[in-house]
Amino acid sequence: MAREIAKAYEPQLIESKWAEFWASGDLFHADPSAPGPAFCIVIPPPNVTGSLHIGHMLDHTEIDILTRWHRMRGYNTLYLPGTDHAGISTQRVVVRQLADQGINYRDLGREEFVKRVWKWKEESGGTIQRQMRQIGESCDWSREKFTLSPELSRVVREVFVRLYEENLIYRANRMMNWCPVCLTVLSDLEVLHEERAGNLWHVKYPVVGSDKFIIVATTRPETMFGDTAVAVNPEDERYKDLIGKKVKLPLTDREIPVIADSYVDKEFGTGALKITPAHDPNDFEVGKRHDLPVIDVMTDDGHMNSNAGTYAGLDRFAARKKAVAELQEQGLLEKIVDHTHAVGLCERSKTVVEPRISTQWFCAMKTLAEPALAAVERGEIQMIPENRRQEYLFWMRNIRDWTLSRQLWWGHRIPAWYCEENGHVTVAREDPSACATCGSKELKQDPDVLDTWFSSGLWPFSTLGWPEKTADFERYYPTSVLITGYDILFFWVARMAMLGIHFTGKVPFRAVYLHSLVRTGSGEKMSKSKGTGLDPVALNLQYGTDAMRFCLASMAAPGTDIVLSEDRLLGARAFVNKIWNAARFLFVNLEKYEQTGASLEQLAAPGVRAKAPHGVAGKIPLADAWLFARLAETIEAANKALETYYFHEAAQQIYQFFWGDFCDWYIEWVKPELQSANAGRAEVAWKNLFAAFDAALRLLHPVMPFLTEELWHQLPQKQGAKSIALDAYPVATENWKNAAALKEFSFLQDVIKTLREIRSQMKLDPKKKVKAEFSSADAGLRASLIANLDAVLRLGILSELNISADRLEQSSAAVRSTAQFDLRIPYSDVVDVGGESVRIKKEIEGLSKAIQSKEKQLSNETFRNRAPEKIIKDMESSLGEQRIELQKLTNRLSQLGS
RNA sequence: GGGCGCUUAGCUCAGCGGUUAGAGCGUUCGGUUUACACCCGAAAGGUCGAAGGUUCAAAUCCUUCAGUGCCCACCA
């Protein structure tokens, strides 16, 4: 059987084949009636507008690793894909596109605009799904969902109506955050705060009927047109006699009262505060208390309106400049003080938000929050890492009502109708045809849509068919774990917890793993708009998806953000290539083996591995026993790591095993045996090599699906099998575990490494085989060395090795000593006495320090009483060894000197 | 104004109570060993941000401080 295998791994040649294979078949189709414990992850639905960015890549890598890992371990697995309509983001994208064509979306009208967005979605909205297929995510595409589909829209409506019926949704007139660019209100969460250097303008307000002034400090002089009072603290002696008097409002001819309110901080500014109820949340409250008029001086897009007199039509920031200039001219500007304060910015447009009074729909959160808080407190939802749990709890305890309505057109329209006759509000599952109170047919639907996070909040159960008791819902809900970035803990995770528990009576997920954010070198969150984002699709092409996945996984330690670097990607790619070449070695040499007449069938049955001590004639060779023991250790470590979301630890363990143990030691060790004239030995070697490689591929598969799928299909024992993704995850069986083999092999490695070190230090020709001498009082070590002499001679590049129990003569040769043995390469003329004694002195120094600290500890009574026995025993035996070593080094040093 | 992280080898980061602190990259030295130069072998390099404390034992726990980053917060 001829095999063509390229010298270097070329992902482009491999990936598309398997990506298509995985996405097109029913390989990852979940069957609720199939056996196995359920494992379900719903995707954090990416925006339809989006293309895959590095954050998704991390999300999806972690999700897919866990999914594949569970699938291979026999779970009934569902990874459910889908997208979010992303109200405000998507609307912005299309609005901007229209603007580029010279079209104002408002002129288009609602219906036409929404039609355009749908059209846009059909044409350009599938990018992420395409990319997800391309990178081989093992999701069930037959269950793909979209938050604004008719199916999920029905669920949204059901939930809204129920909450309304439960009096948890209400309408109210409040001071809101308004974005003058997006033209909608925003929830508190959608407002970012940024410290900005600004000014505090001290403005003189003339007191009516006097030549005195009251000086008011403000950061927003342009809102003066909306002032309806000046407030002072009632306890403030400076202003006591002015309370109740009137002041003339500069830039206008209005007179406004001076009022007393304890809200005013005497210490801040001048202690006098202008009250602008229409443009500041605190002023709004003060205004309510004092029954002040509310004068809105701005338009919805942040310009001054007719209440601002000659300022009408000016942009709010231009108006500020003009007001300051005018006040200065009129001598009413007392002074300008530098003042840094936090301004609120729209999360999407980064515009300074404007406080604005309006009537909106709200969701009362206390009732919803309590059980969701309790679920996390009681651990029904496990939250990882722990510090995020604290954040969640704190936020939940201080939760405020959620503004649901948005003045947008793209989204779930609020199912509320107002009667034109009597204003009665109808909220219903089906569109009403008449007012329930007066029968009027003149009903007008609320123009607003719901916050996009409202439908996302239903995602874990809406996607599984709720409110119907579908097979999916029964089988896969609650979902197993939610994996997402911590930046949407409040936006999304908290709301899913609340709505999930409220409507289904069960938590929506048993665990939440909040992963790191991928940042740029300077610590910022990567962002495409800032040009600091890395395009994962391009990087996947360049380095391979498997390398990217491995790289991200290996950096994804819980709780810390990660900075993706070229170096790490290169390292990951090298690892992929290393495995590829290991396979190449196997396959290329397999042909030679086959040429000797052995059949594939022989290899197809992996070596039957009787539990037997190694080294016994006819049983398993030491290196094989060691390899499988290491494999078992690695499997256990990987499983443990993945159970706790230590992706980096799993990646590290597998890397170490595959590269360090399998390639560097095992393959090198067994090379001659594979070619052995002894057919029996060769067969055992081949079988074990393939059995181990097969297990190692399966071990690696969740992290590197493409490479492992490709190579797995080429394994002789997998001919005709369907996919490694459906194969079993390797199990660390009892007969693989072998502490004795680990220990013995480790001794042989020490010998070989020591020989290499001596050679390297002596600058011996790497190809020159030399004689060496080994001495140890331990008969077991000597026997082991004799049993494995071929490999030791070959890997140590020796012509012969004398093994004895006698002490070696120390002088005039390169010698290395451990507590157990001495090794010597007798080439007196090449020993650099000076360098050697420097090296030895340094070693003695380190060793002495270690010995002293141990001696001190061991002679400490309290330590002996309190430390665990094992610690003491280990320390004692280690101290013993170090003393022997020190003794040997000291002897050697003195001999060198003489 | 509150809260949460981070500071470990030249770089990027693991380790988070128990033998002389690890990895990858980089550096130095040596290698064209027919699986792999995206490689192989060897080495150098750290008083674990600072100061106190707890403990038999501290990079690891506590306190303070210094840098640095993030989140939350309606004082003009």
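Here is how names work: the chains are called A, B, and so on, in the same order as the sequence lines, proteins then strands, and each is numbered from 1.
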Pairing nucleotide - U54(B), Watson-Crick or G-U, each distance under 3.5 Å: none

For G45(B), the Watson-Crick or wobble partner whose two distances fall under 3.5 Å: none

Residues R388(A) and E391(A) bridged, charged N to O under 4.0 Å: yes

Sugar-phosphate only, base, or nothing, as touched by N581(A) at under 4.0 Å among non-hydrogen atoms: base

5' precedence on RNA chain B between F575(A) and F863(A) (nearest-nucleotide basis): F575(A)

Separation of I825(A) CD1 from L798(A) CG (nearest 0.5 Å): 6.5 Å

Any K671(A) side-chain N or O less than 4.0 Å from OP1/OP2 of U34(B): no

Selected nucleotide, minimal atom distance to H341(A) side chain, candidates C38(B), U20(B), A76(B): A76(B)

Gap in Å between the two P atoms, one belonging to A76(B) and one to C4(B), rounded: 24 Å

Distance between C1' atoms of G46(B) and U32(B) (Å, rounded): 36 Å

Short side-chain N/O contact to G45(B) OP1/OP2 from K842(A), under 4.0 Å: yes

Sugar-phosphate, base or nothing in reach of V576(A), heavy atoms under 4.0 Å: nothing

Sugar-phosphate only, base, or nothing, as touched by S565(A) at under 4.0 Å among non-hydrogen atoms: nothing

C1' atoms of U60(B) and A21(B), separation to the nearest Å: 11 Å

Closest-nucleotide ordering on RNA chain B, the 5'-leading residue of E757(A) and G571(A): G571(A)

Nucleotide G24(B), atom P - distance to CG of D567(A) in whole Å: 13 Å

Under 4.0 angstrom between H648(A) side-chain N/O and G15(B) OP1 or OP2: yes

Y655(A) six-ring centre to K578(A) NZ/CZ under 6.0 Å and within 45° of normal: no

Whether F587(A) and F690(A) hold their rings parallel, tilted or perpendicular, with breakpoints at 30° and 60°: tilted

Whole-Å distance separating the CG atom of L552(A) from the P atom of G24(B): 19 Å

Any-strand Watson-Crick or G-U partner of G69(B), both distances under 3.5 Å: C4(B)

Nearest-Å distance for atom pair CD/C1', residues E195(A) and G1(B): 10 Å

Separation of atom CZ in R573(A) from atom C1' in C25(B), rounded to whole Å: 14 Å

Rounded interatomic separation in angstrom, taking CE from M555(A) and P from C11(B): 15 Å

Euclidean distance for C1', A35(B) against U68(B) (whole angstrom): 46 Å

Sugar-phosphate, base or nothing in reach of Q882(A), heavy atoms under 4.0 Å: base

Residues D236(A) and K266(A) bridged, charged N to O under 4.0 Å: no

Proximity to the side chain of Q857(A) - top-ranked nucleotide from C38(B), G18(B), A73(B): G18(B)

Atom-pair distance (CD1 on I562(A); P on C11(B)), nearest Å: 20 Å

Nearest to side-chain heavy atoms of A8(A), which nucleotide of A42(B), C38(B), A73(B): C38(B)

Ring center gap for F268(A) and H339(A) short of 6.0 angstrom: yes

Side-chain N,O (W659(A)) to OP1/OP2 (C40(B)) below 4.0 Å: yes

Touch class at under 4.0 angstrom, heavy-atom based, for Y655(A) against every strand present: sugar-phosphate

I797(A) CD1 - C40(B) C1' separation (whole Å): 10 Å

Interatomic distance at P, U27(B) relative to C11(B), whole Å: 15 Å

Rounded distance in Å - CD (E855(A)) to P (U19(B)): 18 Å

Aromatic ring pairing F658(A)/F693(A), orientation class (parallel under 30°, perpendicular over 60°, tilted between): perpendicular

Touch class at under 4.0 angstrom, heavy-atom based, for W201(A) against every strand present: nothing

Touch class at under 4.0 angstrom, heavy-atom based, for D265(A) against every strand present: base

Carboxylate-amine/guanidinium contact E855(A) R883(A), below 4.0 Å: yes

Pairwise P distance, A59(B) and C16(B) [rounded to whole Å]: 14 Å

For U34(B), the Watson-Crick or wobble partner whose two distances fall under 3.5 Å: none

Touch class at under 4.0 angstrom, heavy-atom based, for E668(A) against every strand present: base

Nucleotide nearest P868(A) (side chain, heavy atoms from C-beta), chosen from A23(B), A76(B), G18(B): G18(B)

Sugar-phosphate, base or nothing in reach of S853(A), heavy atoms under 4.0 Å: sugar-phosphate

Test: E285(A) and R289(A) ion pair at under 4.0 Å: no

For U12(B), the Watson-Crick or wobble counterpart (both distances under 3.5 Å): A23(B)

Sugar-phosphate, base or nothing in reach of D664(A), heavy atoms under 4.0 Å: sugar-phosphate

C663(A) side-chain proximity, nearest of A35(B), G18(B), C39(B): A35(B)

Touch class at under 4.0 angstrom, heavy-atom based, for K274(A) against every strand present: nothing

Sugar-phosphate only, base, or nothing, as touched by L847(A) at under 4.0 Å among non-hydrogen atoms: base

Pair E885(A) + K888(A), salt bridge at N-O below 4.0 Å: no

Nearest listed nucleotide, side chain of N577(A), among A73(B), C38(B), C4(B): C38(B)

Sugar-phosphate, base or nothing in reach of K578(A), heavy atoms under 4.0 Å: base

Among U19(B), U20(B), C39(B), the one nearest A850(A) by side-chain distance: U20(B)

Sugar-phosphate only, base, or nothing, as touched by R756(A) at under 4.0 Å among non-hydrogen atoms: sugar-phosphate

T218(A) side chain, from C-beta outward: closest of U19(B), A76(B), G15(B): A76(B)

